[in-house]
Amino acid sequence: MGCFCAVPEEFYCEVLLLNESKLTLTTQQQGIKKSTKGSVVLDHVFRHINLVEIDYFGLRYCDRTHQTYWLDPAKTLAEHKELINTGPPYTLYFGIKFYAEDPCKLKEEITRYQFFLQVKQDVLQGRLPCPVNIAAQLGAYAIQSELGDYDPYKHTAGYVSEYRFVPDQKEELEEAIERIHKTLMGQAPSEAELNYLRTAKSLEMYGVDLHPVYGENKSEYFLGLTPVGVVVYKNKKQVGKYFWPRVTKVHFKETQFELRVLGKDCNETSFFFEARSKTACKHLWKCSVEHHTFFRMPENESNSLSRKLSKFGSMSYKHRYSGRTALQMSRDLSIQLPRPDQNVARSRSKTYPKRIAQTQPAGSNSINRVTGNMENGENEGTTKITAPSPIKSFKKAKNENSPDIQRNKSHAPWEENGPQSGLYNSPSDRMKSPKFPSSRRRNPSCGSDDSVQPTRRRKAHNSGEDSDLKQRRRSRSRCNTSSGSESENSNREHRKKRNRIRQENDMVDSAPQWEAVLRRQKEKNQADPNNRRSRHRSRSSIIKERFRTGRIKTSLLTV
């Protein structure tokens, strides 16, 4: 009877870690199945990395349209339909889900190292823009952590060019990094990484999870979820910032996202945005609920927590964050942190061919300007925060097959040079700037763009084409039962008949002309056996009598 037993399904999953290594999870080795909870998969990853402060991290995956989702620990893998439809193998990306407001206060070195890898990846892929002077400082700390103290015998000219720190890396930046690296003598890798995080946390876009949306008048916005609240970006500028204690409700319906904020006058104001798709809107809503719970809710107000979470429900959707909050993690004394005798295994970064050194370094003035005074460097991304007016919603035409909707990724909206391949973009899009879908309003009577485009094409025709179109419609109405060669023959016969009628309908003003008309009519009636001769004779006799008596001088013969 063993042959009738069902063969157990083999599950194969790959987890891409922040150090660019892969962790393989299978049914035979780890016992991972489709019925396995997401929390079990997360535990395998945390044990592999040796993490204890686990609530900051999560596993992310992409569907076939490149829409990203976070793995829900409370659901089984089979319940993540978007993940199951992509495999096997199933690819998951390990990363930071909640950025600590001050990563320098993390208790363990291994946790800070994972934050260092994530932030370094954010800078490289363009999600964390920074001015040149800050980029040079960050690159120097990264080189110090990677290679240690500067050694002129080992670190020959151009050694910095073997590593990548920012998109579209220039030689001037590499020389500035080398100059700063020489000044960091004595810093251990953990200290260099701590200085890296201390510098990066001051950037405007640190820890911002961007979501592209649309506002009033089809304006393009980005909603950013941060440790302190929700920020709104438009045209590379921050136009709104709402702290989590002021956010009273997050709601979504179809593609419409609502953010309700309590003002200083204790009046609530709702801001409406349109997402690119329903799945993107639901993902934004889930991330907002989790961020609000993780950074906002105190641990001892359980009744208040459940009451506030109930306000965040949308229609029939309910979502709750099941992990510990930031406040709970800071006060948790169940585990002694940091653990004694902890050893952090650091991995080498990917290297590239060295840039050929030049005898005369180009752009020396720019190098001196970059490395001159790091404290007085101007942060190019800092802008004045002004609250926008409430935004009315609108309906946008959607095309699910559009590559613009497929490229729903969290990266900086003003990044022109494509980042490296990874979770947020594909290698083919590496040199492309972010694009936005066409912002056309949906026709109230029709749900797709196809019903709108023909009307616009007809309006673009000139008057001559309109007349030709009308003439073709008249010809079709006269012979709508024929097609192909039959319709052409019928049109040709119709034109001949119309010409004969025009010739016979000429005006007559004398008796000989009238006699000639009557003679042609008589010959025609004799040739047509179906013609009712009595009717035509009676009509012709009446016309003759009127012509003789002089009651009419000219007449038009109608057949």
Side-chain angles (χ1 to χ4, degrees), residues 15-21 23 38-39 41-43 45-46 48-62 68-73 91-130 138 142 145 193-194 196-211 224-231 244 283-284 286-295 321-326 328-330 344 346-347 409-412 419-420 422-425:
V15 180
L16 184 63
L17 303 178
L18 290 174
N19 59 0
E20 299 184 0
S21 63
L23 173 63
S39 58
V41 180
L42 283 168
D43 290 339
V45 178
F46 293 145
H48 176 78
I49 304 177
N50 193 20
L51 272 179
V52 175
E53 299 174 280
I54 60 177
D55 294 278
Y56 293 103
F57 303 90
L59 290 176
R60 213 167 187 176
Y61 62 92
C62 299
T68 58
Y69 306 87
W70 287 104
L71 189 71
D72 193 341
T91 304
L92 298 172
Y93 301 87
F94 177 76
I96 296 178
K97 189 175 183 179
F98 305 109
Y99 285 80
E101 185 175 0
D102 188 359
C104 300
K105 294 182 179 180
L106 295 172
K107 296 180 179 180
E108 288 205 313
E109 181 182 343
I110 181 63
T111 311
R112 293 192 296 269
Y113 176 65
Q114 295 297 323
F115 264 75
F116 163 74
L117 294 177
Q118 178 70 80
V119 176
K120 187 174 68 170
Q121 188 181 104
D122 293 343
V123 176
L124 174 61
Q125 296 181 349
R127 294 190 300 274
L128 182 55
C130 56
L138 295 177
S145 172
E193 293 160 6
L194 192 66
Y196 187 101
L197 295 176
R198 185 178 292 109
T199 305
K201 73 176 184 179
S202 61
L203 295 174
E204 181 185 1
M205 297 296 295
Y206 165 77
V208 179
D209 181 21
L210 288 177
H211 297 262
L225 307 179
T226 71
V228 296
V230 182
V231 291
W244 289 124
H283 176 65
L284 171 60
K286 278 188 173 182
C287 293
S288 302
V289 172
E290 292 178 346
H291 274 73
H292 186 275
T293 308
F294 185 83
F295 292 107
Y321 172 68
S322 57
R324 294 181 299 175
T325 64
Q328 289 173 343
M329 294 179 63
S330 62
V344 178
R346 292 175 171 83
S347 59
K409 310 169 188 68
S410 302
H411 52 79
Q420 303 296 324
L423 167 64
Y424 297 96
N425 69 315

Considering non-hydrogen atoms only, spot the tightest contact between [X] and [Y] and give its length.
X: V15; Y: F94; answer: CG1-CB, 4.2 Å
X: H283; Y: H211; answer: CD2-CE1, 3.6 Å
X: L106; Y: F115; answer: CD1-CD1, 3.4 Å
X: W70; Y: C287; answer: CD1-SG, 4.0 Å
X: K201; Y: R198; answer: CG-O, 3.4 Å
X: V52; Y: R324; answer: O-NH2, 4.3 Å

Can you check side chain to side chain contact (heavy atoms under 4.5 Å, CB included) on V344 and R346, steps first, answer last? CA-CA 6 Å; V344 178; R346 292 175 171 83; 4.0 Å; yes
Within the distance-only criterion (no hydrogens, no angle test), does the side chain of E101 pair as donor or acceptor with the backbone N or O of V228 below 3.5 angstrom? no
Can you tell me how far the [atom1] atom of [X] sits from the [atom2] atom of [Y], to the nearest 0.5 Å?
X: C104; Y: L197; atom1: SG; atom2: CG; value: 5.5 Å
X: T226; Y: H291; atom1: OG1; atom2: NE2; value: 7.5 Å
X: L128; Y: L203; atom1: CG; atom2: CG; value: 5.0 Å
X: L92; Y: L23; atom1: CG; atom2: CG; value: 10.0 Å
X: D209; Y: I96; atom1: CG; atom2: CD1; value: 11.5 Å
X: E108; Y: Q114; atom1: CD; atom2: CD; value: 11.5 Å

Audit row: T111, F57, side chain to side chain contact (heavy atoms under 4.5 Å, CB included) steps and yes/no: CA-CA 10 Å; T111 311; F57 303 90; 4.0 Å; yes
Flag side-chain contact, heavy atom, 4.5 Å: [X] against [Y]:
X: L225; Y: W244; value: yes
X: Q121; Y: R127; value: yes
X: D55; Y: F98; value: no
X: V230; Y: S288; value: no
X: V208; Y: V231; value: yes

Is K120 salt-bridged to E193, cutoff N-O under 4.0 Å? no
Check for me whether the distance between the ring centres of Y69 and Y61 falls short of 6.0 Å. yes
If you apply the rule side chain to side chain contact (heavy atoms under 4.5 Å, CB included), what do you find for Y93 with T91, and how did you get there? CA-CA 7 Å; Y93 301 87; T91 304; 3.8 Å; yes
Given S145 and Y196, is the side chain to side chain contact (heavy atoms under 4.5 Å, CB included) satisfied, shown in steps? CA-CA 10 Å; S145 172; Y196 187 101; over 6 Å; no
Would you please classify the geometry between the F294 ring and the Y56 ring as parallel, tilted or perpendicular, with 30° and 60° separating the classes? perpendicular
